[in-house]
Amino acid sequence: MDNSDDSAGHEAGQAGPALPVLDVPRRPLVALAIGLLSCFCLLLAGLEAWSAWHAYQKELEDSRVATANMARALASHAETSIKLGDAVLAEMVERIEHDGLDDEATTRLTNRLRNITRDVGELHGLFVYGPDGKWLTSSLPRPMQGNNFDREYFQYHLLHTGRGTHVSVPVRSRSTGAWILPLSRRIEAPDGSFAGVALATLNLAWFGRFYDSFDVGKNGTIVLAHDNGTLIYRRPFHDEQVGMDIRNGTIWQRAGRSSQPGSVMLTPRIDNVERLYSYRHLQGFPLFVASGEAKDDILAGWRRNTLQTAVLGLAALLVLAWGGGILVGQIRVRERLERDLRRAGAVLQRHNASLQNLAERDGLTGLANRRLFEDRLVREYERARRSGAPFALVMADIDHFKQYNDRFGHLAGDECLRKVAGAVADGARRPADLAARYGGEEFAVILADTDLAGANAVADRIRAVVASLDLRHPDNPAGRVSLSMGVYVGHPALAERNDPLAWVDVADRLLYQAKGAGRNRVVAREGHEAAA
């Protein structure tokens with residue numbers, strides 16, 4: 001039986017008395033028309049204002065994304081160029097320190113430097129200076145005279161023993177007069193004393209040609225600067241601005257506060273043009289890039305479209321009717337509901353991700369917990385059983401950790417666990433690998449498709465990283481925090497029993513063999529039957 005008619009009738013019966021139509025006072029038709037028209041005008045004006053503001057925000061957001069992508073490309077280009085120079089310098093230093101600089105070695109090195117400079121467009125030149133600052137050889141086609149003892153990079157390596165590449169401030173080349181960015185490395189004699197400087201210079205014109213290939217608008221800019229506040233290159237290029245101190249500039253003050261990339265609307269003192277800037281620091285080098293698009297250029301199209309829309313909206317007031325206003329109102333309601341639904345869905349997704357993380361991660365170390373470890377162990381074991389690939393399991397335990405806790409307290413013990421967990425996580429670098437906290441001070445690492453040599457290498461690397469932490473542990477014979485590790489490698493496809501959890505027992509027994517053999521060591525074994 002269908003009782004929908006009865007329900008409809010019941011509702012209609014209730015609705016009838018609630019709307020005493022005959023009792024509603026009648027209003028003048030003109031006043032009603034004026035009221036409806038006034039309401040519609042306000043509604044349309046509000047819609048136009050909201051649309052204009054939304055378009056305004058979208059223009060800025062689109063420009064922010066574009067400038068951020070541009071900054072990422074600029075940083076990648078600069079990093080690639082500097083890494084290339086760094087690799088060339090490393091080769092130069094290795095050749096000089098290994099072969100020396102006798103006549104034959106110098107001739108070979110000079111030819112090599114010239115070939116590299118000819119093939120690599122970024123490089124302006126390659127040079128080698130002795131401990132007194134004089135040229136020893138270079139990639140230039142003619143011998144050079146003079147002394148570079150006064151250069152900033154030379155003084156830096158004279159006073160610092162670091163062997164890494166030093167990025168200096170831009171200077172004018174004494175050989176060509178062009179603006180260059182020096183990259184340099186220290187050369188050492190066999191006894192470790194200062195023996196000179198290897199120099200690679202990047203041509204700023206190379207950066208300029210690359211930067212000119214980007215469309216940043218009529219009043220846009222691109223900046224490459226040193227972290228110490230020295231301007232290296234700025235588009236539009238002005239020769240006198242190279243090497244300028246920009247520490248009082250707005251973009252340096254903003255980018256210098258954080259090593260993270262960001263975007264901000266600024267008005268620099270150098271030209272007083274308000275721009276939307278996106279900036280990014282280079283990874284591994286003391287430089288940052290910034291791309292800025294003028295706010296007037298960003299909003300030029302928005303202003304034109306807003307004016308056109310306003311004119312059309314005014315004309316629409318003369319032709320649209322009451323039904324159009326209702327339709328616009330319904331559309332706005334639907335958009336608002338869709339936004340709320342998306343927001344609610346995003347909140348739900350975040351909650352789900354948070355719950356998933358809590359269920360699978362150890363709260364102290366951030367590694368996988370035992371539950372996730374055992375699930376992954378079963379999956380990887382079955383995958384290896386099907387593919388016939390080797391499968392490795394590493395069990396690690398901190399030596400004399402109870403004594404460490406007793407001496408330094410649980411807070412220090414927790415910090416020790418977190419640092420050791422970082423070292424263990426370093427061993428599980430591939431997507432199929434997994435590092436987990438198995439319990440207490442014991443850790444486990446699953447290494448799929450790994451033979452005994454590879455598993456031993458991973459275990460030794462983890463143990464070495466823990467040793468490099470240099471955590472004092474007076475109650476440990478080693479005097480520092482150390483790990484004992486058991487490694488078991490086998491082929492699940494050859495095992496007679498299908499019991500992946502039994503591999504934990506085998507690796508654990510190997511771990512205790514390492515402890516019994518004096519701790520701070522790795523005991524590894526390869527087999528086919530986990531229970532063996």
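Basis for what follows: all heavy atoms, side chains included, without hydrogens, waters or symmetry-related copies. Owing to the predicted nature of the structure, the values given are computational and were not obtained by experimental measurement.
Using a cutoff of 4.0 Å between basic side-chain nitrogens and carboxylate oxygens, R383 and D449 are scored as salt-bridged. A salt bridge links R185 to D86: at least one charged side-chain nitrogen sits closer than 4.0 Å to a carboxylate oxygen. Between E61 and K58 no salt bridge is recorded (no basic side-chain N to carboxylate O distance below 4.0 Å).
Between P286 and N228, every side-chain heavy-atom pair lies at or beyond the 4.5 Å cut-off. Side-chain contact between L276 and K295 is absent, with no heavy atoms from C-beta onward closer than 4.5 Å. R172 has its side chain within reach of D239: a pair of non-hydrogen atoms, C-beta onward, lies under 4.5 Å apart. Taking 4.5 Å as the limit, some side-chain heavy atom of V128 sits within range of a side-chain heavy atom of I187. Under the 4.5 Å side-chain criterion, counting only non-hydrogen atoms from C-beta, L74 is not in contact with Y279. The side-chain heavy atoms of W135 and N148, taken from C-beta on, include a pair separated by under 4.5 Å. Contact check for I446 versus L393: side-chain heavy atoms found under the 4.5 Å cut-off. Side chains of L282 and V289 form a contact here, defined as non-hydrogen atoms less than 4.5 Å apart.
Annotation: the span from L287 atom CG to T230 atom OG1 amounts to 10.0 Å, rounded to 0.5 Å. Here the straight-line distance linking atom SG of C416 with atom NE2 of H410 works out to 13.0 Å at 0.5 Å rounding. Atom-to-atom distance recorded for L183:CG and T201:OG1 is 8.0 Å, nearest 0.5 angstrom. Annotation: the span from L471 atom CG to N476 atom CG amounts to 11.0 Å, rounded to 0.5 Å. The line from CZ of R151 to OG of S184 is 11.5 Å long, rounded to the nearest 0.5 Å. Rounded to the nearest 0.5 angstrom, K419 NZ and L417 CG are separated by 12.0 Å.
Side-chain N or O atoms of T117 include none that pairs as donor or acceptor with a backbone N or O of R114 at under 3.5 Å. Within the 3.5 Å criterion, the main-chain N or O of R519 finds a donor-acceptor partner in the side chain of R521. Not one N or O on the side chain of H157 forms a donor-acceptor pair closer than 3.5 Å with the backbone of A198. Checking side-chain atoms of R430 against main-chain N and O of A448 turns up a donor-acceptor pair under 3.5 Å. At least one donor-acceptor pair closer than 3.5 Å links the side chain of R275 to the backbone N or O of N219. Between the N147 side chain and the D132 main chain, a donor and an acceptor come within less than 3.5 Å of each other. Of the possible donor and acceptor atoms, one in the side chain of R463 sits under 3.5 Å from a partner among the backbone N and O of N520. With hydrogens and angles disregarded, no donor-acceptor distance shorter than 3.5 Å links the side chain of S193 to the backbone of A189. Side-chain atoms of H160 come within 3.5 Å of backbone atoms of Y156 as a donor-acceptor pair (strictly under, hydrogens ignored). Between the side chain of R235 and the main chain of F214, a donor-acceptor pair closer than 3.5 Å is present.
Nearest heavy-atom pair across Y277 and P268 is OH-CG, 3.2 Å. Closest heavy-atom contact between V171 and P182: CG2-CG, 3.8 Å. Between E79 and F285, the shortest heavy-atom distance links the atoms O-CE1, 4.4 Å. What you find for I298 and S63 is that their closest heavy atoms are CG2-OG, 3.1 Å. Of all non-hydrogen atoms in A435 and A428, the two that sit nearest each other are N-CB, 3.8 Å. Counting all heavy atoms, side chain and backbone alike, W302 lies closest to A52 at NE1-O, 2.9 Å.
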Step by step, work out the side-chain hydrogen bond (donor to acceptor under 3.5 Å, both in side chains) result for D399 and S484. CA-CA 6 Å; D399 295 326; S484 295; 2.6 Å; yes

Hey, mind stepping through L140 and F127 against side chain to side chain contact (heavy atoms under 4.5 Å, CB included) and telling me if it holds? CA-CA 8 Å; L140 299 180; F127 308 86; 3.7 Å; yes

Apply salt bridge (Lys or Arg N to Asp or Glu O under 4.0 Å) to the pair K402 and D406, showing each step before the final yes or no. CA-CA 6 Å; K402 181 180 184 302; D406 293 342; 3.0 Å; yes

Between R429 and R461, is a side chain to side chain contact (heavy atoms under 4.5 Å, CB included) present by the stated rule, with each step listed? CA-CA 12 Å; R429 298 179 176 178; R461 182 171 67 243; 3.6 Å; yes

Check step by step if ring pair (Phe, Tyr, Trp, His ring centres under 6.0 Å) holds for F443 and F373. CA-CA 10 Å; F443 301 89; F373 166 77; over 10 Å; no

Could you check S291 against V216 for side chain to side chain contact (heavy atoms under 4.5 Å, CB included), going step by step and ending with a plain yes or no? CA-CA 8 Å; S291 171; V216 293; 4.3 Å; yes

Between N69 and R72, does a side-chain hydrogen bond (donor to acceptor under 3.5 Å, both in side chains) hold up when you go through it step by step? CA-CA 5 Å; N69 289 336; R72 185 182 297 108; 2.8 Å; yes

For V93 and R163: C-alpha separation, side-chain torsions, deciding distance, then whether side chain to side chain contact (heavy atoms under 4.5 Å, CB included) applies. CA-CA 10 Å; V93 171; R163 303 307 304 276; 3.5 Å; yes

Begin from the C-alpha positions of H473 and Y404 and carry the test ring pair (Phe, Tyr, Trp, His ring centres under 6.0 Å) through to its verdict. CA-CA 6 Å; H473 189 354; Y404 186 94; 5.2 Å; yes

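If you check the side chains of H166 and E152, you find a donor sitting under 3.5 Å from an acceptor.
Shown here is H98, whose NE2 atom has no more than 12 heavy atoms of other residues, nucleotides or ligands within 6.0 Å. Counting heavy atoms of neighbouring residues, nucleotides and ligands inside a 6.0 Å radius, atom CZ of R247 does not exceed 12 of them. Annotation for D215: atom CG does not count as buried by contact number, only 12 or fewer foreign heavy atoms lying within 6.0 Å. In K515, the NZ atom is crowded: over 12 heavy atoms of neighbouring residues, nucleotides or ligands sit closer than 6.0 Å.
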